[in-house]
Amino acid sequence: MNWLKTQNVLAPLMLTMVLVVASCGGDGAGAEKAGAEAEHGEEAGEAAGHEEEGPDRVTITAAAAQEAGIGVSTAGPGPIRETLNLTGRVMLQSAGRAEIRAPYPGVVRSVAKNVGDTVRRGEVLARVESAESLQTYSIVAPIGGVVLERGTNVGDVSGDDPLFIVGDLTRLQAELNVVTHDIDRVAGGQIVVISGLDGEARVEARIATVLPTTDTHSQTLIARAPIAARGAASLRPGMAIRGAVVLSEQRVPLAIAAGAVQTLEGRSVVFVRTGEVYEARPVALGRSGSDMVEVTAGLRVGEIYVSANAFLIKAEIGKGAAEHGH
């Protein structure tokens with residue numbers, strides 16, 4: 001009887017212990033699996049360079065943002081400009097171009113420079129033997145610059161045509177085409193922002209003059225704007241350009257780059273960066289110009305916002321919202 005009683009007591013106890021062990025083992029395995037999945041998720045997020053934080057924000061590492069070309073600026077006062085967009089070309093200023101001829105006709109005995117060579121003012125370009133005196137004299141560069149054209153070889157007889165054309169690439173000017181109905185809007189003294197057709201090489205110049213006669217080929221007036229030497233490094237003679245002539249300018253308390261404003265769910269938003277977190281901030285807009293727009297509410301002076309490639313942030317937030325929707 002004692003043995004049976006003992007078995008009746010131990011049986012429920014053993015069953016209880018088995019259930020407890022199974023339960024603990026199941027929780028441990030689940031926790032371990034969950035931990036592994038979480039760790040895998042973190043690694044995947046780090047590998048992608050960002051992690052979704054919610055429907056209106058996303059975290060992007062500094063390295064990933066730099067690689068994607070995401071640029072930021074500090075919100076603050078700025079100008080709102082009304083502009084007139086023109087097209088044209090970069091040309092050499094009159095003082096920056098020299099056509100070099102032989103003062104006396106004769107046979108070219110030597111040529112020292114070729115197209116593309118850099119020359120200094122007074123440097124010898126060629127030597128010519130005068131047909132009258134039979135003495136050899138030097139042809140020198142009247143300005144420093146680069147040889148743009150060479151029109152002679154050894155043994156040629158010099159005449160009225162230029163032997164060389166030298167250009168000073170630091171003395172450039174924009175020649176912008178002004179159509180008839182815009183003549184009264186463009187005048188000397190106005191600021192013009194010059195850029196290449198790819199949007200790069202932005203430099204600011206000032207219109208010096210508008211020629212009074214119409215260009216034969218384009219049937220437009222030509223507005224000339226000398227380009228400062230520091231802005232000429234990325235421009236070359238003959239390059240097609242755009243010029244935004246500033247017609248009016250007004251400074252506002254808070255202006256941001258026009259490309260920073262994106263539309264998200266029907267709202268105008270700007271992406272504000274705090275650390276590595278980018279948040280979509282709804283904003284109210286005021287006056288707009290060619291490259292800047294006024295913000296009247298939703299953004300504070302001193303905040304860091306995405307000013308370049310903001311559409312990439314919008315795409316990441318949209319992707320995160322889609323994933324949360326599933």
Is the closest basic N to carboxylate O distance between [X] and [Y] below 4.0 Å?
{"X": "Glu99", "Y": "Arg97", "answer": "yes"}
{"X": "Arg242", "Y": "Asp198", "answer": "no"}
{"X": "Arg273", "Y": "Glu279", "answer": "no"}

### Task
Could you tell me the separation between the CD1 atom of Ile100 and the CG atom of Leu125, rounded to the nearest 0.5 Å?
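Spacing of CD1 (Ile100) from CG (Leu125) equals 5.0 Å.
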
### Task
Starting at CG of Asp184, measure out to CG of Asp182 and round the result to the nearest 0.5 Å.
9.0 Å

For [X] versus [Y], what's the shortest heavy-atom pair and its separation?
{"X": "Ser158", "Y": "Val128", "answer": "OG-CG1, 4.0 Å"}
{"X": "Ser307", "Y": "Ala260", "answer": "CA-CB, 4.2 Å"}
{"X": "Ile256", "Y": "Ala75", "answer": "CG2-CB, 4.5 Å"}
{"X": "Val124", "Y": "Lys113", "answer": "O-CG, 4.1 Å"}
{"X": "Ile241", "Y": "Ala174", "answer": "CD1-CB, 3.6 Å"}
{"X": "Val293", "Y": "Ala258", "answer": "CG1-CA, 4.1 Å"}

Is it true that a side-chain atom of [X] and a backbone atom of [Y] form a donor plus acceptor pair closer than 3.5 Å?
{"X": "Glu123", "Y": "Arg120", "value": "yes"}
{"X": "Arg89", "Y": "Gly238", "value": "yes"}
{"X": "Asn177", "Y": "Thr220", "value": "no"}
{"X": "Tyr137", "Y": "Ala102", "value": "no"}
{"X": "Asp215", "Y": "Ser218", "value": "yes"}
{"X": "Lys314", "Y": "Thr263", "value": "yes"}
{"X": "Gln190", "Y": "Ala187", "value": "yes"}
{"X": "Arg206", "Y": "Gly189", "value": "yes"}
{"X": "Thr83", "Y": "Val246", "value": "no"}
{"X": "Gln173", "Y": "Pro226", "value": "no"}

### Message
Pair Asp156, Arg109 - check salt bridge (charged side-chain N to carboxylate O under 4.0 Å, His left out), show working.
### Response
CA-CA 8 Å; Asp156 289 349; Arg109 293 303 184 190; over 6 Å; no

Please say whether more than 12 non-hydrogen atoms of neighbouring residues, nucleotides or ligands are located less than 6.0 Å from [atom1] in [X].
{"X": "Met292", "atom1": "CE", "result": "yes"}
{"X": "Arg121", "atom1": "CZ", "result": "no"}
{"X": "Asn153", "atom1": "CG", "result": "yes"}
{"X": "Glu132", "atom1": "CD", "result": "no"}
{"X": "Glu249", "atom1": "CD", "result": "yes"}
{"X": "Asp160", "atom1": "CG", "result": "no"}
{"X": "Arg267", "atom1": "CZ", "result": "yes"}

Would you mind reporting whether [Y] and [X] have side-chain heavy atoms less than 4.5 Å apart?
{"X": "Leu92", "Y": "Leu172", "answer": "yes"}
{"X": "Ser268", "Y": "Gln262", "answer": "no"}
{"X": "Val146", "Y": "Asp117", "answer": "no"}

### side-chain contact (heavy atoms from CB on, under 4.5 Å) partners of Arg171, counting only residues at least two apart
Gln93, Ala95, Asp168

### Message
Once side-chain contact (heavy atoms from CB on, under 4.5 Å) is applied, do any residues pair with Ala63, and if so which ones, sequence neighbours excluded?
### Response
Thr61

### Task
Go through Glu82 and Ser248 one step at a time and tell me if the side-chain hydrogen bond (donor to acceptor under 3.5 Å, both in side chains) criterion holds.
CA-CA 5 Å; Glu82 178 192 0; Ser248 65; 3.1 Å; yes

Transitive ILVMFWY side-chain link [X] to [Y], under 4.5 Å:
{"X": "Leu264", "Y": "Tyr278", "result": "yes"}
{"X": "Val186", "Y": "Ile194", "result": "yes"}
{"X": "Val245", "Y": "Leu197", "result": "no"}
{"X": "Val90", "Y": "Leu148", "result": "yes"}
{"X": "Ile183", "Y": "Leu84", "result": "yes"}

#### Entry: Sub-6.0 Å ring centroid separation between Phe271 and Tyr305
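No, the ring of Phe271 stays outside the 6.0 Å limit from the ring of Tyr305, centre to centre.
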
### Query
Looking just at side-chain N and O atoms, do Ser138 and Arg127 make a donor-acceptor pair shorter than 3.5 Å?
yes

### Task
Test Ile317 against every option in Leu312, Val58, Val269 by the side-chain contact (heavy atoms from CB on, under 4.5 Å) rule and name the one that passes.
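Testing each of Leu312, Val58, Val269 against Ile317, the sole residue satisfying side-chain contact (heavy atoms from CB on, under 4.5 Å) is Val58.
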
